[in-house]
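In each ligand, atom 1 is the first atom listed, and ligand 1 is the first ligand listed. Note that the numbering runs from 1 along the sequence shown for the chain.
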Amino acid sequence: MTKLSVNINKIATLRNARGHNRPDVLQVARDCERFGAQGITVHPRPDERHIRYQDVRDLKRIVTTELNVEGNPTPDFINLVREVRPEQVTLVPDAPDAITSNAGWDTIEHQIYLLGVVTELKALGCRVSIFLDPNPAMVKAAVGTGTDRIELYTEAYAQQFHADPAAAIAPYRTAAILAQELGIGLNAGHDLDMDNLAYLKQNLPGLAEVSIGHALICDALYFGLENTIQLYRRQLL
Ligand SMILES: CC(=O)[C@@H](O)[C@H](O)COP(=O)(O)O
Ligand SMILES: NCC(=O)COP(=O)(O)O
């Protein structure tokens with residue numbers, strides 16, 4: 001089974017536009033779970049432009065599925081994770097000024113650093129996932145970091161999907177099979193949507209979880225949050 005973790009960053013973007021508490025990020029997280037989300041993902045960025053560190057603390061109290069916290073393991077981020085201890089931490093090498101995540105880790109160059117971070121987070125009881133491009137050398141080197149899972153960065157897949165789905169999925173399928181052979185769990189995310197999700201699921205063996213935010217929240221404007229979560233879940237059957 002592939003789980004759907006709903007990324008609620010964009011709910012916080014909307015809330016922050018007015019400085020009040022509408023929409024209420026915590027209530028939306030509860031409702032996402034009630035509507036079928038099997039996890040809640042957030043990516044607090046250093047400028048707190050959407051999810052704030054306090055949101056992460058509050059979400060940990062109310063999320064009943066799994067809380068997945070994504071981010072670059074800066075000292076502030078690590079301190080937050082030490083305090084909150086989410087079920088899963090996804091390490092993403094994003095620059096503070098990046099508009100959104102735009103690359104996976106170089107697990108060869110940063111292997112020793114990642115090993116230290118992963119070891120600490122696992123000792124806290126968190127499952128750890130490392131955001132990666134579908135590059136076999138990076139998947140192989142991820143083993144040396146001790147990570148539980150990798151999250152394949154799917155922007156390139158999403159971009160190529162409509163023009164040539166077979167070519168778009170090929171490197172991801174190779175990476176997924178390799179991860180399985182190496183005994184690493186597999187997640188995927190970024191720019192997944194209602195069009196490209198089922199094909200991804202069908203072609204990636206062992207896909208444990210997808211985290212989806214931007215497109216899902218956009219679709220919810222038209223279809224409503226409950227219908228949209230159910231529609232996305234159906235793509236994963
Ligand atoms: C790690 C990842 O892929 C991101 O997609 C992310 O969580 C989205 O972040 P933004 O909502 O800030 O674009
Ligand atoms: N890890 C990816 C994620 O949480 C959501 O990415 P997106 O759907 O907002 O592109």
Answer yes or no: is there a side-chain heavy-atom contact under 4.5 Å between [X] and [Y]?
X	Y	answer
L152	Y157	no
I130	L114	yes
P46	T74	no

Item checked: Q88 and E209 side chains, donor-acceptor separation under 3.5 Å -> yes
Notebook entry, point to check: Does a side chain donor of either E33 or T64 reach within less than 3.5 Å of an acceptor in the other side chain?
Noted result: yes
At less than 3.5 Å, what protein N or O atoms come close to the N or O atoms of ligand 1? Include the distances to 0.1 Å.
| unit_1 | atom_1 | unit_2 | atom_2 | d |
| --- | --- | --- | --- | --- |
| ligand 1 | 3 (O) | H190 | ND1 | 3.0 |
| ligand 1 | 5 (O) | H190 | ND1 | 2.7 |
| ligand 1 | 7 (O) | N7 | ND2 | 3.3 |
| ligand 1 | 7 (O) | H43 | ND1 | 3.0 |
| ligand 1 | 7 (O) | E70 | OE1 | 2.4 |
| ligand 1 | 9 (O) | N9 | ND2 | 3.4 |
| ligand 1 | 9 (O) | R45 | NH2 | 3.1 |
| ligand 1 | 11 (O) | N9 | ND2 | 2.8 |
| ligand 1 | 12 (O) | R45 | NE | 2.6 |
| ligand 1 | 12 (O) | R45 | NH2 | 3.2 |
| ligand 1 | 12 (O) | H50 | NE2 | 2.7 |
| ligand 1 | 13 (O) | T100 | OG1 | 2.5 |

Next item on the list: Show the numbers, then the answer: is there a salt bridge (Lys or Arg N to Asp or Glu O under 4.0 Å) between K60 and E83?
Entry: CA-CA 10 Å; K60 178 61 176 140; E83 182 186 338; over 6 Å; no
Next item on the list: For ligand 2, list the protein residues that place a heavy atom within a distance below 4.0 Å of one of its atoms, sorted by chain and number.
Entry: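 The 4.0 Å shell around ligand 2 contains N7, T41, E70, E151, G189, H190, D191, S211, I212, G213, H214.
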Margin query: Tell me every residue that passes ring-ring contact (aromatic ring centres under 6.0 Å, His included) with Y153, counting only those two or more places apart in sequence or in another chain.
Written below: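 Expected list: F131, H190.
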Check: Any sub-3.5 Å donor-acceptor pair from Q111's side-chain atoms to A141's backbone N or O?
Finding: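 Judged by distance alone, yes, a pair lies under 3.5 Å.
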Check: Applying ring-ring contact (aromatic ring centres under 6.0 Å, His included), which residue pairs with at least one partner in residues 31-90 are found, sequence neighbours left out?
Finding: none
